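Written below as structure tokens is the structure these notes are about.
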Amino acid sequence: MTVSGIFAPRWFIYSLVTIGLLALVACGASAPEPAPAQPSGASSASAQPAAPAQPAAPAAPAAAAQPSQPSQPAQPAAPAAQPEPAATVSAVVGQGAIGAEAKAATPTPVPAPAASTDAMAMAEPAVVQLRIARGPTTRDLADPVAGRGDLPVILPMFEGLVQFDQYTDSVPMLSPQWSANDDFTVWTFQLLEGVQFHKDWGELTAKDVEHTMWQERRNDHFDGRAATWRDLLKEVVMPDGPEGHVVELHLNKPEPIMTTYMSTNYTTVIRSKDHWDANGGVMDGFDANDEGIRLMANDPIGTGPFQFAEHAEAQYLRYEAPSFDHWRKSPDFPELQIFFISEPSTQLAMLVTEEVHAAEIPRDLQVGALARGMEVVLGTTPAIRLVGFFGGNYLPDHPNFDPTEPMTLPLVREAMNRAINRTEINEVFFKGRAELMMQTHSHAKFPGWQPSWLDSFEADYGYDPDKARALLAEAGFPDGFEITQLSYPRPGLPEMLDIAELVADYWREIGIDVNFKPVETAVYSSQLRAKEVNNTAWLHTGSFTEPTRAIFVYHYSGARSPRYESQFFTDKYEALEVASTLEERDDLIREMGENCYDTYCSIPLHWVPFEFMINPEIIDEWLTPGVFGVRDFEYVKAVK
């Protein structure tokens, strides 16, 4: 029985279970707390998981009721399964940026060993349907235009030319190899042959990539990256025609990290043009017609290891394995259902009563599940960028900019940073597992890293409330001032509200009068886009990705909703956009990082490893970075 079908008795049981588990936590009961499961090889950022053996193809499940009845194509013969490509690439500049070296180190597919007869006859999983509980999605859409906030619920169905893999590296997916011209204005992608769309919508070809790039520029796209695509992409060329397997992306300016933009981490996932055309989808410039919008919401078609089955708004998404052996990885579990549950205590009750097999349980509630035999799994990388921002820092010529506001002053921003006890946050919420962040868009794995921050951070940002009060007095606010602090839920970090409340208390301790205001994400987003966040601070989470995109989103005045703007950032980012050497890009990113560090332009907190809990009687192993929440469902190994 699914959540949508639970009657009062089941909720009564949940209530009893929850009360008992919370009592266990409140009483400090001792529970086994083994070290969270660590993926082998996770210490190496560039390590790649071995290609898993292909399980037997599951029987096709019964067709689910569909919200609409799209027209059906002819039935093509399914091709033989293809081996999963692996990559040989340079990791000198970190994940995401490796595409810049495509000319010198073109990824080369390495065929995986054929599955043995014994492997194909493996035992069935303990359950047929893998059930997951997680927090609500940002947009509650199965259409990739929902943006990166809904990435984990989009990826089961879709694939990109480039995969943002289980270790956050960009590796081949639907494109086994690619190359770029000398100035990075033309990128050529080869396509795998024989890859099939779900529900018999034919083979992936060049026309589907061209169609996808139109979809990526739709005006109703929720991700600000759509505007980037409209500015960046000049045209898509198909040298071998629409049914060929080569595409060229011609750009209006150089882009050395195109593999990042074309990866699954940016929801640049390939859609079927035939499916769109046959069901009345039409693009008028960058505007999709109503039929097309409804089609993508109610019957999305991709090439992923799972296909869409059913969507109950604000309740769940259900998927099933396609009717053919998937070219890359046929999942151990032939069905998948993701429940959207806002209350962590309800997720906890669902996990221990086996209503679900994995859930995003806050760390302070994990003891109850551990006592019931559940296990903690850590993501393969520090997946979550936990940061804070100071509102009102627009360019000086913007009508909403007010230089008399306290948080426009570097001394005040320094004081508010020094008021925060980062060590306490790490210990209380993350059990010491989080990594201290030196600067908002920088990490040692990325271009533009400045090693000296490791030595100077404590002196420049360390917890010191007395010094923070002195800095406020020096800035002209000896009695403090008033601000609003917004707080909103973020996927993958169920403790977000509690962390934000603790930060508010830190600020109150140095004399700042904080009006703490929990809001929905949509409310915060609309205020940010309208540049109506004066005298407002907030915490936010982003993903563990290469810094170029973070700089654009957080600091570039031409972005849809920058958090901290300055002419320095505008000039340097525009120089970064046309820089055509890795050395030049590295220098520009470092300069922007040093500027942000020196001016306290933001609130760097932690790189947080994603944690979730599993039922070990159902799930044997799960390797995932946890970017935006639980994902990589096709690689979940079932207990058999």
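Any value given below was found using the heavy atoms of this structure, including those in side chains, with hydrogens, waters and symmetry copies removed. Please read all numbers here as calculations on a predicted model, not as lab measurements.
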**Request:** May I ask you to decide if the ring planes of Phe552 and Tyr573 are parallel, tilted or perpendicular, using 30° and 60° as cut-offs?
**Result:** tilted
**Fill in**
When every non-hydrogen atom of Arg563 is compared with those of Val553, the smallest separation belongs to NH1-CG1, 3.3 Å
**Request:** May I ask you to check if Arg218 and Trp214 form a cation-pi contact, with NZ or CZ under 6.0 angstrom from the six-membered ring centre and within 45° of the axis?
**Result:** no
**Request:** Output yes when a side-chain donor or acceptor of Arg490 lies under 3.5 Å from a complementary backbone atom of Thr541, and no otherwise.
**Result:** yes
**Asked** Yes or no on side chain to side chain contact (heavy atoms under 4.5 Å, CB included) for Phe333 and Val636, after CA distance, side-chain angles and deciding distance?
**Response** CA-CA 8 Å; Phe333 296 93; Val636 180; 3.8 Å; yes
**Request:** Sequence neighbours left out, what passes ring pair (Phe, Tyr, Trp, His ring centres under 6.0 Å) with Tyr554? Give chain and number order.
**Result:** Phe389
**Prompt:** Can you name the nearest heavy-atom pair linking Lys207 to Asp274, along with the distance?
**Reply:** CE-OD1, 3.2 Å
**Complete:** For Ala321 and Pro331 the tightest heavy-atom approach is CB-CG, 4.4 Å
**Prompt:** So does Asp299 pair up with Arg294, basic N to acidic O under 4.0 Å?
**Reply:** no
**Request:** Answer with yes or no after comparing the ring centroid distance for Tyr635 and Trp622 against a 6.0 Å cut-off, counting only values under it.
**Result:** no
**Message:** Please determine whether side chain to side chain contact (heavy atoms under 4.5 Å, CB included) holds for the pair Leu232 and Glu255, giving the CA-CA distance in whole Å, both sets of side-chain angles, and the decisive distance to 0.1 Å.
**Reply:** CA-CA 8 Å; Leu232 178 63; Glu255 186 48 82; 4.2 Å; yes
**Message:** I need the minimum non-hydrogen distance between Pro547 and His441, along with the two atoms involved.
**Reply:** CB-O, 3.0 Å
**Prompt:** Is the shortest heavy-atom distance from the side chain of Arg590 to the side chain of Arg585 under 4.5 Å?
**Reply:** no
**Full working for side chain to side chain contact (heavy atoms under 4.5 Å, CB included) between Arg318 and Arg131** = CA-CA 9 Å; Arg318 186 169 64 82; Arg131 298 192 297 272; over 6 Å; no
**Request:** Could you pull out the closest heavy-atom pair between Phe340 and Asp140, with the gap in Å?
**Result:** CE1-OD1, 3.8 Å
**Prompt:** If only atom types and distance count, is the side chain of Tyr556 paired as donor or acceptor with the main-chain N or O of Ala550 below 3.5 Å?
**Reply:** no
**Asked** Below 4.5 Å, heavy atoms only, C-beta onward: do Lys273 and Ile270 meet side chain to side chain?
**Response** no
**Message:** Is there a side chain to side chain contact (heavy atoms under 4.5 Å, CB included) between Leu249 and Met262? Walk through the geometry before answering.
**Reply:** CA-CA 10 Å; Leu249 303 183; Met262 294 301 293; 3.7 Å; yes
**Asked** Does the pair Lys572/Asp587 count as a salt bridge with the N-to-O cut at 4.0 Å?
**Response** no
**Prompt:** Is the closest basic N to carboxylate O distance between Asp325 and Arg328 below 4.0 Å?
**Reply:** no
**Contact check, side chains of Leu317 and Phe308, non-hydrogen atoms, under 4.5 Å** = yes
**Message:** Quick check: Phe610 with Phe544 (ring centres under 6.0 Å apart)?
**Reply:** no
**Asked** Which heavy-atom pair separates Pro322 from His198 by the least distance, and what is that distance?
**Response** CB-CD2, 4.2 Å
**Request:** Would you mind checking if Glu216 and Arg271 are paired as a salt bridge, meaning a charged N to carboxylate O distance below 4.0 Å?
**Result:** yes
